[in-house]
Amino acid sequence: MKPSVKLPIENLTEEPYASILCYPHAKPLEVENRISELKKLGVSVVEFTGDGAVANVPVIGKGYVGIVVVVHVGREQLALKMRRLDGGREDFFHEAEMLQKANNVNVGPKFVAVTKNFLFSQFIDGDFLAKWLENHKDKECFRRVLCDILEQCWHLDEASLDHGELSKAPRHLLMDKTGKPFIVDFETASTQRKVANVTSVCQYLFVGNSTIPRLVWETLGEKNRDQIVNTLRNYKKERSRQNFETLLQTCL
Ligand SMILES: Nc1ncnc2c1ncn2[C@@H]1O[C@H](COP(=O)(O)OP(=O)(O)O)[C@@H](O)[C@H]1O
Ligand SMILES: [Mg+2]
């Protein structure tokens, strides 16, 4: 990991930070506007830290829509998603609404605040699930975490909120330092689509060809994939608690 840099927000006018604040290219007026917007929101310091990198500067994450950094607001550390100018999104209001709906069923990092250009949420300090799974080989611990993820997806399904990016979830399942899993990025979430949270995440964790199912079965022992696919099919046909629990039992 590259060394972290803590900057008072006034210093974001300097490069390469200005162009991270207004990715991909700083425009002087936009930089000024964004800095004053952040000041109004009480942000004092931006911390460039994390496994991601933009212009050789460490960040928490870089997606297609936003760049995520840590900010200090009073004595609190928060995750700040900054809207990319080339991400094809006008604002973060839809994402904020979806995140709050997820929070209502205790899913996702806690929503804190939103503006056109910025989304503030609880900072999940930890690792991607894949990395966590590689470093934890305790069966019970593994089961608890995977069960928690599936339960969260069940609650999203129940709330008719489809995350939309859980079948290829490597960057959207995070583990905090206490071993609690978090689903992040409700940017493409919708309450209009048919929900597929449980089925998508099961595909990703247990069925697909990524490294995750391999890691899971290495620790939990090989399971019958056809049986999993069947129970998934049943759940898809009838989204009942009973079918969900059969799925839990088959997978875990
Ligand atoms: N609240 C958070 N705490 C910690 N890391 C986060 C948080 N939100 C997002 N991230 C990290 O930043 C990355 C990019 O954020 P994301 O919301 O996925 O952006 P995009 O919508 O552009 O894909 C995520 O993949 C995740 O690794
Ligand atoms: Mg993303």
Side-chain angles (χ1 to χ4, degrees), residues 1-103 108-128 163-165 171-172 174 176 182-190:
M1 195 166 100
K2 296 193 168 63
S4 307
V5 185
K6 277 188 195 171
L7 277 190
I9 62 162
E10 293 78 17
N11 296 13
L12 290 180
T13 48
E14 291 163 21
E15 286 296 353
Y17 309 106
S19 287
I20 300 176
L21 177 68
C22 302
Y23 192 85
H25 294 300
K27 296 180 195 155
L29 190 60
E30 184 78 20
V31 174
E32 287 304 327
N33 285 344
R34 287 192 177 204
I35 290 176
S36 63
E37 206 178 317
L38 286 175
K39 270 188 195 159
K40 267 191 228 146
L41 291 158
V43 176
S44 53
V45 167
V46 178
E47 197 175 335
F48 292 95
T49 184
D51 290 333
V54 177
N56 233 7
V57 173
V59 296
I60 296 300
K62 178 183 174 208
Y64 290 112
V65 174
I67 294 190
V68 179
V69 292
V70 174
V71 288
H72 295 238
V73 181
R75 283 159 58 184
E76 235 186 324
Q77 260 190 335
L78 297 174
L80 172 66
K81 185 164 172 176
M82 310 186 288
R83 188 175 64 88
R84 287 178 57 156
L85 294 171
D86 60 352
R89 287 289 182 278
E90 279 301 303
D91 58 58
F92 279 139
F93 300 129
H94 168 78
E95 178 167 354
E97 190 191 333
M98 296 298 115
L99 176 59
Q100 287 174 88
K101 282 192 196 295
N103 284 176
K110 292 277 165 289
F111 167 79
V112 177
V114 67
T115 66
K116 179 177 158 75
N117 297 312
F118 301 114
L119 178 68
F120 293 77
S121 64
Q122 175 189 1
F123 170 45
I124 311 304
D125 187 9
D127 282 320
F128 290 129
H163 180 281
E165 290 189 83
R171 291 171 184 280
H172 296 144
L174 305 183
D176 79 1
F182 282 85
I183 298 171
V184 300
D185 192 1
F186 288 81
E187 201 276 316
T188 44
S190 167

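- The closest side-chain heavy-atom distance from K116 to E90 is below 4.5 Å.
- Applying the ring-ring contact (aromatic ring centres under 6.0 Å, His included) test to residues at least two apart or on different chains, none of the pairs has a partner in residues 79-102.
- With contacts defined as side-chain heavy-atom distances shorter than 4.5 Å, the pair V31/L12 does not qualify.
- The structure places CG of D185 at 13.0 Å from CE of M98, a figure rounded to the nearest 0.5 Å.
- The pair K81-E95 meets the salt-bridge criterion, since a charged nitrogen lies less than 4.0 angstrom from a carboxylate oxygen.
- The heavy-atom pair separating F186 from G108 by the smallest distance is CE1-CA, 4.2 Å.
- One distance of note links CZ of R171 with CD of E165; it measures 11.5 Å at 0.5 Å rounding.
- Atom CE of M82 sits about 6.0 Å away from atom CG of L21, to the nearest 0.5 Å.
- Within the 3.5 Å criterion, the main-chain N or O of R83 finds no donor-acceptor partner in the side chain of R89.
- Interatomic distance, L174 CG to D125 CG, rounded to the nearest 0.5 Å: 10.5 Å.
- Annotation for L99 and S121: closest pair CD2-CB, 4.2 Å, computed over non-hydrogen atoms.
- Residues passing the side chain to side chain donor-acceptor pair (under 3.5 Å) test with D86 are R84, sequence neighbours excluded.
- Distance check, rounded to the nearest 0.5 Å: CD1 of I35 to CD of E10 gives 8.0 Å.
- The heavy-atom pair separating F111 from A96 by the smallest distance is CE1-CB, 3.7 Å.
- The salt bridge (charged side-chain N to carboxylate O under 4.0 Å, His left out) pairs that include a residue from residues 15-36 are E30-R34, where partners are two or more places apart or lie in different chains.
- Taking both residues in full, the closest heavy atoms of V68 and A79 are given as CG1-CB, 4.2 Å, listed atom of the first, atom of the second, then distance.
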If you look only at distance, which donor and acceptor atoms sit under 3.5 Å apart when one is on a side chain in residues 46-66 and the other is two or more places apart or in another chain?
from	atom 1	to	atom 2	distance (Å)
E47	OE1	H72	NE2	2.6
E47	OE1	Q77	NE2	3.2
T49	OG1	S4	OG	2.8
K62	NZ	Y23	OH	3.3

Quick one, K39 with I9, criterion side-chain contact (heavy atoms from CB on, under 4.5 Å). Give me CA distance, side-chain angles, the key distance, then yes/no.
CA-CA 8 Å; K39 270 188 195 159; I9 62 162; 3.3 Å; yes
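- Once rounded to the nearest 0.5 Å, the distance linking CG of L38 with OG of S44 reads 10.5 Å.
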Applying side-chain contact (heavy atoms from CB on, under 4.5 Å), run through V5 and Y17 and close with a yes or a no.
CA-CA 11 Å; V5 185; Y17 309 106; 3.8 Å; yes
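- Every residue two or more places apart in sequence or in another chain that forms a side-chain contact (heavy atoms from CB on, under 4.5 Å) with L41 is listed here: T115, F120.
- For L85 against P24, the heavy-atom pair with the smallest separation is CB-CD, 4.3 Å.
- With sequence neighbours excluded, no residue forms a salt bridge (charged side-chain N to carboxylate O under 4.0 Å, His left out) with D91.
- Between Q122 and V112, the shortest heavy-atom contact is N-CG2, 4.1 Å.
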